[in-house]
**Q** 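What follows is a structure written as structure tokens; I'll ask about it next.
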Amino acid sequence: MSIPGSWYLTLAALLFSIGVVGILVRRNVLIMFMCIELMLNAANLTLVTYARMLNDIGGQVLVFFVLVVAAAEVVVGLGVIVSIFRRAKSTTADDLHILKG
Amino acid sequence: MMLAVLAKLPIISWPAILPETIFIGGALLLLAVSALSNKKLSSGFCAVYTILISVAALGSSMYLWDKLSSHSSYVAMSSSIAVDGFGVFVAILVCSITVLIALAGEGFFRDSWGSLEFFVLIMLSSSGAILMAMANDLIVVFLGLEIMSISLYVMTAMDPSRTSSGEAAIKYFLLGGFSSAIFIYGIALIYGSTGSTNLANIATFLADNVLVQNGVLLCGIAFLIVGFAFKVALVPFHMWTPDVYQGAPTPATSFMAALAKAGGFAAFLRVFFSTFGTLRSDWRPIIWVLAVLTLLIGVLLALVQQNIKRMLAYSSISHAGFVLLGLQAASAIGVAGSLYYLFTYSFLVIGSFTVVMLVAGEKDTNHSLDSYKGLARRRPWLAGVFTLLLLAQAGVPFTTGFMAKLYVLSALISAHGYALAVIAMIGAAIAVFFYLRVVVLMYSPAPGFAANDETGAALDTDTGIGESIEVGDEAATIQSSGMSLTRSTALVLAITVGITVAFGINPAPLIEFARHATLLFH
Amino acid sequence: MIPALHSYGTVLHGMIFGLHGIVFGTTLPTLPDSVTFFIAAVIVLVGGIGVVVSRNPVHSALWLVACLFGIAVMFLLQDASFLAAVQIIVYAGAIVVLFLFVIMLLGVDRPESIGSDPLKAQRPLAILFGLGVLGGSLLLGFTAKWESGAKSQAGRAVGGSTNEVQKLGKAVFSIYLLPFEATAALLTIAVVGAVLLTMHANRTTENSKPYEDPKPYEDPVPDGYRSRQGLVANADEEVDLVDKELDVK
Amino acid sequence: MIHTAFLIPLLPLCGFVILLLFGRRLGDPVAGWVATALVAASFVVTLITFAGLVGLPSSERHFIQPWFTWISTPTFHSKIALLIDPLSIFMALFVTGVSALIHLYSIGYMKKDPEYHKFFVYMNLFVFSMLMLVLADNLLLCFLGWEGVGLCSYLLIAFWYGRDSAASAGKKAFIYNRIGDTGFLIAMFLIFEKLKTLNYLSIFSHVNQLSPGIVTAIVLLLFLAATGKSAQIPLFPWLPDAMEGPTPVSALIHAATMVTAGVYLMVRFSPLLHLTPDARWVIAVIGVVTAFVAATIACAQNDIKKILAYSTVSQLGYMFLAVGSGAYVAAMFLMIAHAFYKALLFLGAGSVIHGMGDAQDVKRMGGLRRFMPITYATFLVAWFGIAGIPPFVGFWAKGSVLVAAFEFSPILWVLGAITAILTAYYIGRGITLTFLGKSRWEGANGSDLGSNGFTPHESPRIMLIPLYVLSVCVILGGFINLPFHPSFVFLSHWFIPVLYPIHLGAVGVGGEWALSLGDVVLALTGVWLALHFWRVLSDRPALEPRFLQLGWYVDKFYDRAVANTGTELASQMSSKIEVATIDGAVNGVPELLGLLGGWLRKAQTGFVRSYALAIALGLFGLLIYIATRATL
């Protein structure tokens with residue numbers, strides 16, 4: 001008998017929460033961004049686990065799409081970071097707070 | 001073997017995906033043309049091209065609508081897309097938005113940085129919104145959302161001359177990524193609990209089975225709500241909105257204000273009203289709370305703004321609260337009301353931001369409310385148009401804004417949502433204050449004409465907020481500011497005002513359109 | 001030694017899974033699987049926490065790689081071997097490298113002070129909400145036994161005559177054809193966006209108010225070179241398009 | 001012929017739009033001509049429609065002309081539709097007719113005004129709104145017209161907003177009207193609540209579903225609205241102040257058309273009034289008391305326009321007396337008669353004011369007969385008209401009102417009869433002081449040149465044409481409803497399809513003759529009194545007691561009781577909240593909300609992490625809620 005799905009799902013939930021906390025506590029834009037990747041991976045793990053539990057290929061296919069989305073986000077996100085770094089000389093999120101109120 | 005595989009390949013129903021295909025194909029073609037041509041494509045060319053593509057997409061959407069009125073709605077592409085009145089209605093709206101933004105963008109970019117990319121991105125982004133609206137599968141919703149959002153992140157970051165543009169983009173992007181991750185996690189949980197991401201399958205599953213253990217499903221729904229609520233800016237998931245609206249180049253702001261709401265709400269309404277309709281007793285209280293918060297906090301914060309774009313951002317938040325009322329009513333009439341609201345709101349907001357763009361000037365910087373002092377004397381037509389659009393947003397009778405509010409409220413009341421209706425009306429009453437404030441400013445004497453000492457002092461105190469124009473020779477800056485009205489921007493204003501007034505006086509056709517759209521729900 | 005270890009392992013395994021059996025009422029997993037799972041789970045969690053707590057972004061990125069490897073192992077454990085490979089190639093091989101590349105490019109690999117948070121309430125609230133989200137989802141998950149009794153809709157993953165990759169391929173080109181096509185738009189946007197953002201950043205005008213920073217940034221790399229590099233790590237098939245884009249500019 | 005009826009309101013609307021867009025460019029006098037032409041065209045269309053209606057059998061004389069569905073919600077539908085029936089077309093006929101004349105007059109009167117085009121913008125908008133009011137086929141649309149005319153009235157009273165008095169008069173009119181409008185709104189809600197419709201015809205066909213108490217309540221609420229718009233007790237003090245507007249405005253809005261909207265509303269709701277004698281009593285009593293009180297006040301006024309204003313209030317009181325007595329046709333008859341002679345009086349007064357260089361005090365006039373003979377002649381016609389001397393229109397109209405009042409209650413008739421004497425008297429007093437006797441304006445006796453350099457002179461022809469036309473109407477207008485023979489009572493026949501014919505016939509034919517004779521005697525008494533007292537002397541304090549000059553202290557009373565208390569309350573409030581406000585000029589509520597907003601605004605820190613925190617908070621909250629919903 002293989003590992004019960006609930007173990008994976010619990011692990012995914014843990015990883016997801018780690019990602020959430022990371023975004024909330026870190027100030028480096030790049031690290032915040034990595035935390036988003038953690039969350040996406042938690043979702044991926046959940047999808048694959050459910051795919052197995054349901055014996056359904058769909059969940060695995062969805063992981064592909066999440067990967068593509070993650071890749072596109074990374075490209076654009078890093079582009080934005082590079083472009084603002086040229087002006088702000090900082091990747092610290094807290095430095096960017098001119099817009100407020 | 002090959003034959004067996006081929007036999008299993010789905011029939012690609014081209015008409016069903018025609019609007020998206022036209023947009024994506026158009027964008028790729030434009031990229032290819034620009035790559036092959038020797039000199040830089042002029043923004044005029046790009047704009048005309050984009051308008052043609054959008055009109056073609058609009059035509060194809062109309063064609064779908066026309067076919068729907070004689071045939072019933074259907075699903076296509078292995079049931080991943082639903083061709084129904086609801087989706088096609090939003091597709092028509094999205095195409096119209098794109099036409100208007102292309103026109104406004106032509107007036108704004110004038111061969112400056114990124115004009116080509118802007119037009120490519122609005123086409124791609126629109127395709128995402130249409131995908132969202134017509135999606136019959138959560139993963140298509142997700143992809144549509146990402147296609148739309150990622151383009152918007154880029155457009156937000158476009159303006160190299162203002163640091164606030166980059167800051168806004170970073171904020172939008174990080175928070176957008178955060179909410180997308182939450183959204184996809186929700187999809188994963190729903191997939192796990194229902195065995196599918198296909199909306200029709202989920203609905204069938206929920207109708208056939210009573211889940212004894214519904215924890216995972218409800219959890220997934222909660223995550224989905226967060227994702228949608230972020231995209232359409234519901235309180236407390238709204239905080240990106242004012243910053244991003246303020247920082248983004250004004251045409252991009254107006255595009256995202258119209259498009260993200262249209263696409264986001266379309267998917268939101270479809271997924272919750274149609275797919276999770278059987279669970280409405282679970283999600284309606286959530287929507288109730290979100291609507292109350294959104295309606296009140298949106299207007300309260302708009303009251304204290306000194307920057308027109310922030311003010312309009314908060315006002316758009318309160319509009320989102322109104323659209324939500326239709327979902328809260330959870331009836332076909334309510335959804336029709338929401339659709340009608342979205343339609344009218346899109347035109348209002350595009351018109352308003354186009355005026356903002358014209359007042360802001362070439363550098364896109366004069367967004368302080370002081371820039372509007374005495375506008376009526378300097379540019380009476382522009383001030384008149386803005387007055388009309390603001391009054392319509394405030395919900396003055398004989399404008400579309402009034403009918404839209406009336407419609408969702410009456411749908412809500414027929415669903416016995418009296419308390420919420422009262423709160424919404426209070427919100428609308430407060431909203432009148434800040435709209436009128438701008439109107440009064442525009443019709444008050446300009447600082448240049450009044451006694452200089454007093455107004456100078458007033459400006460000094462007011463310009464502390466945001467990144468408004470440098471405090472120095474304010475009167476001179478304000479006098480010289482503003483872009484001239486080009487033919488394309490004038491056309492945008494004419495269309496938006498025309499629609500606002502025409503359908504405000506005779507709203508029946510549009511209401512019938514929206515009602516028909518929800519009757520044709522797949 | 002080895003049998004002894006094995007028997008210790010069995011005892012430990014029995015204890016843990018006995019507990020699990022009491023709590024969840026399911027049958028026990030086999031030993032090799034569970035050992036692998038635990039090791040991988042530890043890697044995943046440590047990697048995840050490492051990303052969050054590392055002061056240096058480079059370390060964070062490396063922890064991220066570890067975490068992604070752990071996830072890949074989880075995929076393998078669940079008969080998703082192809083996805084595991086993709087996970088490593090795309091995520092670890094491309095995305096994390098891109099991260100590292102940007103960190104190096106921008107020269108921001110300086111450690112960040114994470115001792116205290118300028119926003120006073122941020123950290124406790126963050127941890128509260130993080131735990132809340134975790135607790136909430138776990139509570140809901142456990143009470144629902146994470147299951148639903150739903151049936152497969154997209155086709156079976158295991159069993160049948162074809163292997164996993166074939167099944168995936170068929171699913172992508174049949175049921176998920178439209179989303180697959182839609183990703184094309186997504187990738188186009190990514191290319192256009194990256195080009196636009198990295199190109200025009202050079203054209204920053206004097207009009208912009210720079211953020212205050214005592215250290216002026218010296219640009220050691222010529223512009224064109226940098227733009228190109230920023231994109232190469234993207235995805236193979238896009239390079240051509242990007243080059244065309246760049247040529248136009 | 002009926003199908004062109006939609007043009008009736010549309011033409012003035014076109015005028016409004018055209019002048020709004022191009023008015024400044026068209027300028028003086030083209031803008032005025034455009035406005036006049038469109039209103040005149042509207043009059044022609046109305047005539048055509050009227051003719052079409054006349055050509056039909058009386059039972060078929062009503063049409064609904066829908067334009068489009070305006071509001072369509074699940075629970076409520078409202079169409080923009082015109083109801084063409086004898087009542088509405090009759091109203092439309094005289095509204096467009098009188099409006100056209102007054103527009104023509106205004107071209108001359110407003111000449112050289114810096115805001116010339118704006119005047120006509122407002123006037124056309126007014127005509128449009130008034131036509132929507134009378135032609136609407138449902139209460140909601142009528143209410144829009146009702147508000148529209150109120151708005152135009154406000155704008156036109158305050159037209160010369162540079163003057164403080166004009167601005168405050170505008171405000172006053174606005175506030176008094178708003179008080180009345182609440183009645184309208186509540187009545188509308190009540191009707192909708194009970195019958196789920198606002199359409200006139202459906203209301204009237206389902207009227208038997210309403211309990212008598214509700215009917216009375218609806219009628220009284222509508223009457224409250226009518227007292228606001230038609231300046232009846234207790235809401236009349238705004239109308240005399242409204243004379244701050246240009247004289248053509250006073251003639252059109254505050255004499256002939258808008259102020260009769262209340263009467264129209266009552267007559268329109270005659271199927272409901274018919275069911276509630278209690279409410280009719282209230283209406284009749286308020287009407288006759290207003291008529292009497294306003295007439296006494298008019299006797300002591302010195303401003304020529306104020307005299308006419310109080311006279312209007314008094315005449316409107318007569319109309320309500322007729323409505324209350326159930327004599328709807330008489331009310332309509334008096335309405336049109338009043339429109340003729342009061343418009344004539346106002347335009348004549350405008351001519352006098354124009355000729356006297358904007359002087360309005362009758363005590364400083366006198367002897368103008370020599371300088372403006374035509375105006376004098378038309379004034380005389382109007383005097384005989386309003387006094388009720390046969391064969392002028394007033395005789396027939398007022399006669400039918402008084403007969404009805406007598407049949408309803410002789411006590412009311414007594415008060416009405418006294419008012420009739422007063423009416424003939426105060427107009428006579430005005431005319432005598434203005435045109436007869438010695439010239440009393442400054443420097444009048446030395447030479448004809450006044451000290452401020454003017455000679456009283458006759459008005460230009462464009463202002464006189466309307467005077468001629470109206471004079472003819474006043475002289476011959478009575479022939480639309482001659483009581484001699486059933487075949488002569490055209491008006492009564494005309495209204496048979498729409499109005500409840502209440503005819504008690506208690507006095508009999510002989511009684512009617514006696515009452516008519518009495519009317520003539522009363523009128524002549526008034527005329528004689530006026531000439532007797534004022535021909536020589538211009539100062540008789542005994543006849544102008546202070547409490548009449550000040551309008552029975554009603555204004556003072558409102559100032560003390562309502563306005564002062566309100567102001568006191570407001571100043572107390574503001575001084576309390578003042579502490580927290582930045583700008584004392586803005587009133588409390590928005591400031592309070594602003595404070596709240598400012599406080600909320602602090603959450604928007606600008607730090608992206610705190611935004612993410614808000615998202616996490618929301619997610620957390622949702623999960624907590626979901627946990628309560630899930631089966632645990």
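If you're wondering where the values come from, they're calculated on a predicted model, not measured in any experiment. Throughout, protein chains are lettered first and strands after them, A, B, ... in sequence-line order, and every chain is numbered starting at 1.
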**Q** Heavy-atom distance under 4.5 Å to chain D: side chain of Trp283(B), backbone, both or neither?
**A** neither
**Q** Sort out for me which of Val226(B), Leu296(B), Leu300(B) touches chain D most, counting heavy-atom pairs under 4.5 Å.
**A** Leu300(B)
**Q** Top residue by heavy-atom pair count (under 4.5 Å) with chain B, among Leu623(D), Leu617(D), Ile615(D), Leu622(D)?
**A** Ile615(D)
**Q** Hey, which of Ile511(B), Leu217(B), Asp243(B) has the most heavy atom pairs under 4.5 Å with chain D?
**A** Asp243(B)
**Q** Pro236(B) and Gly618(D): which non-hydrogen atoms are nearest, and at how many Å?
**A** CG-CA, 4.0 Å
**Q** Measure across Tyr625(D) and Asp282(B) and return the closest heavy-atom pair with its distance rounded to 0.1 Å.
**A** OH-O, 3.2 Å
**Q** Kindly indicate, with the supporting measurements, whether the criterion side-chain contact (heavy atoms from CB on, under 4.5 Å) is fulfilled by Ile286(B) and Ile626(D).
**A** CA-CA 9 Å; Ile286(B) 301 179; Ile626(D) 284 289; 4.2 Å; yes
**Q** If you compare all heavy atoms of Ile182(B) against all heavy atoms of Leu619(D), which two are closest, and at what distance to 0.1 Å?
**A** CD1-CD2, 4.0 Å
**Q** On a heavy-atom basis, which atom in Met239(B) and which in Ala614(D) lie closest, and how many Å separate them?
**A** SD-CB, 3.3 Å
**Q** Heavy atoms under 4.5 Å from chain B: which residues of residues 117-126 of chain D carry them?
**A** none
**Q** Using heavy-atom distances under 4.5 Å, tell me whether Ile505(B) contacts chain D through its side chain, its backbone, both, or neither.
**A** both
**Q** Are side-chain heavy atoms of Arg310(B) and Gln604(D) found at a separation under 4.5 Å?
**A** yes
**Q** Hey, which of Val608(D), Leu596(D), Leu144(D) has the most heavy atom pairs under 4.5 Å with chain B?
**A** Val608(D)
**Q** Against chain D, label Phe434(B) side chain, backbone, both or neither, depending on which of its atoms sit under 4.5 Å from a heavy atom there.
**A** neither
**Q** Identify which part of Ser281(B) has an atom lying under 4.5 Å from any heavy atom of chain D, answering side chain, backbone, both or neither.
**A** both
**Q** Between atom CG of Leu174(B) and atom OH of Tyr611(D), what is the distance when rounded to the nearest 0.5 Å?
**A** 12.5 Å
**Q** Can you tell which of Gly337(B), Gly504(B), Pro285(B) has the highest number of heavy-atom pairs within less than 4.5 Å of chain D?
**A** Pro285(B)
**Q** Tell me which one of Asn214(B), Ile221(B), Leu218(B) satisfies side chain to side chain contact (heavy atoms under 4.5 Å, CB included) with Arg629(D).
**A** Leu218(B)
